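Before any comments, here is the structure.
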2 protein chains.
Amino acid sequence: MKRFVEVEQWLKTHGIRLTDQRRLVVRRAVAYLHFTAEELVKDVQEFDPSVARGTVYRTLAMLQQAGMVEKHDFRYGPPNYEVTFAKAHHDHLMCLHCGEIIEFQEPRWERLQDEVATRYKYQLLTHTHKLYGLCAACQGAGDKRLAKPPHLHVEEMVA
Amino acid sequence: MKRFVEVEQWLKTHGIRLTDQRRLVVRRAVAYLHFTAEELVKDVQEFDPSVARGTVYRTLAMLQQAGMVEKHDFRYGPPNYEVTFAKAHHDHLMCLHCGEIIEFQEPRWERLQDEVATRYKYQLLTHTHKLYGLCAACQGAGDKRLAKPPHLHVEEMVA
DNA sequence: TGTTAGTTGAGACTGAGTCTCAAGTAAGAT
DNA sequence: ATCTTACTTGAGACTCAGTCTCAACTAACA
Ligand SMILES: [Zn+2]
Ligand SMILES: [Zn+2]
Ligand SMILES: [Zn+2]
Ligand SMILES: [Zn+2]
């Protein structure tokens, strides 16, 4: 639930210098719902081509550590990132055919999790909960194969 | 809940040839709880050095499609695989410090998931639910930093 | 305005995984 | 048992994402 100014604040109070590059990376990142590192690199470079790839990655890692960005490993392709300040906790439901991602909340789970953690004497820090299936539109269509293909000859069955 | 013979059976009835390589890969895979693709490659090659890396990857992909192997993207490093026949569904709890992985079941979730899927008119196919935290042993130890390091100068805070 | 430690750009580098294709082989047909 | 053919394999080149190195640069603070 932070705003950009607060992000800058956090960086400062943690001995991390505010540079033009970092400001740009953050500002561009918040423009997305979900994005991959490489997408962000391209986006940022459209605004300032001199920004190096490494800088974007470094900034992402930094924000992630600060808990201001989350990394999601969805089913295919490189991980997705998501800016979390200014957003409440939620989990994800993804269509295996078209790739649509729905964000939802389900408070009942969040409670159950603590229960499980306690059961094993774990101190719970984070969690990821992802549901995969076919969205309404994609169920209809005859073609049930995955959009992002598993490379094999075997036909049928979805995962 | 299949046994090896049934796996072979499945392959046959799906027009997939049974080769020595595939047999070996499956037999070695079941020896693990969780393993990475590269680990399996090494393991397999200890038994038969002539087996190519590609073959292991191909076989893994095949088994995954057949639903006999699951791929898990845990927090760090390359994905882990896990043989699922002969094993009931479960989810995972992982210690961010020492990497311990606990498998647990929680039927109440499994039900809630269908509810969510219905809410969005999704046909649910799979899900992954991972909890991350510190195990009893690692909570004590003063050093709360992550085992598998984020590359940055920022100290403190875990994810 | 100087000092200095943190940050950057560029490009080499790594590791995981994929692809290609000629050679080899399982399995059904004869 | 042998033939036939489509499937599978090994080897190595290749791709892509991400990391590392280090000299040059600069934010922050005195
Ligand atoms: Zn949640
Ligand atoms: Zn869809
Ligand atoms: Zn589950
Ligand atoms: Zn631990």
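Note that the coordinates shown come from a computational prediction; the quantities given were computed from them, not determined experimentally. We name chains A, B, ... by the order of the sequence lines, and we start the count at 1 in each one. Hydrogens, waters and symmetry mates are skipped; everything else that's a heavy atom, side chains included, is used.
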Parallel, tilted or perpendicular, as decided by the 30° and 60° cut-offs, for the rings of Trp109(A) and His129(A):
tilted

Once you measure the plane-to-plane angle for Trp10(B) and His14(B), does it fall in the parallel (<30°), tilted (30-60°) or perpendicular (>60°) bin?
parallel

Nucleotide [N], atom [atom2] - distance to [atom1] of [X] in whole Å:
X: Gln9(B); N: dA27(C); atom1: CD; atom2: P; result: 11 Å
X: Arg17(A); N: dA27(D); atom1: CZ; atom2: P; result: 9 Å
X: Arg23(B); N: dT9(D); atom1: CZ; atom2: C1'; result: 15 Å
X: Gln64(A); N: dG18(D); atom1: CD; atom2: C1'; result: 13 Å
X: Leu24(A); N: dT8(C); atom1: CG; atom2: P; result: 11 Å
X: Asp20(A); N: dC25(D); atom1: CG; atom2: P; result: 16 Å
X: Leu60(B); N: dT9(D); atom1: CG; atom2: P; result: 13 Å
X: Lys42(B); N: dG15(C); atom1: NZ; atom2: C1'; result: 11 Å

Are [X] and [N] close enough that a side-chain N or O sits under 4.0 Å from OP1 or OP2?
X: Ser50(A); N: dT8(C); answer: no
X: Arg22(A); N: dT8(C); answer: yes
X: Thr55(A); N: dG9(C); answer: yes
X: Gln21(B); N: dG10(D); answer: yes

Nucleotide nearest [X] (side chain, heavy atoms from C-beta), chosen from [options]:
X: Thr19(B); options: dA28(D), dT7(C), dT8(D); answer: dT8(D)
X: Pro78(A); options: dA28(D), dA17(D), dG17(C); answer: dA17(D)
X: Ile16(A); options: dA10(C), dG10(D), dT7(C); answer: dT7(C)
X: Tyr57(B); options: dG17(C), dG18(D), dA28(D); answer: dG17(C)

What do you reckon, are the aromatic ring centroids of His89(A) and His127(A) less than 6.0 Å apart?
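Yes, the ring of His89(A) comes within the 6.0 Å limit of the ring of His127(A), centre to centre.
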
To the nearest 0.5 Å, what is the distance between CE on Met68(B) and CG on Leu63(B)?
5.0 Å

Quick check: on DNA chain D, is the nucleotide nearest Glu38(A) upstream (toward 5') of the one nearest Pro49(B), or the reverse? Name the residue that is more 5'.
Pro49(B)

Both Gly15(A) and Asp48(A) contact DNA chain C. Which one's nearest nucleotide lies toward the 5' end?
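Its nearest nucleotide being more 5', the pick is Gly15(A).
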
Could you pick out which residue, Lys71(B) or Lys12(B), lies toward the 5' side of DNA chain C when each is mapped onto its nearest nucleotide?
Lys71(B)

Donor on one side chain, acceptor on other, Tyr120(A) and Glu100(B), under 3.5 Å
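Judged by distance alone, the side chains do not pair up.
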
For the side chain of Arg58(A) and the base of dG6(C), is some donor closer than 3.5 Å to an acceptor across the two?
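Flag unset: no donor-acceptor pair detected.
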
For the base of dG17(C), is there a side-chain donor-acceptor partner from Arg53(B) under 3.5 Å away?
yes

Do NZ/NE/NH1/NH2 and the carboxylate oxygens of Glu82(B) and Lys87(B) come within less than 4.0 Å?
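A salt bridge links Glu82(B) with Lys87(B).
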
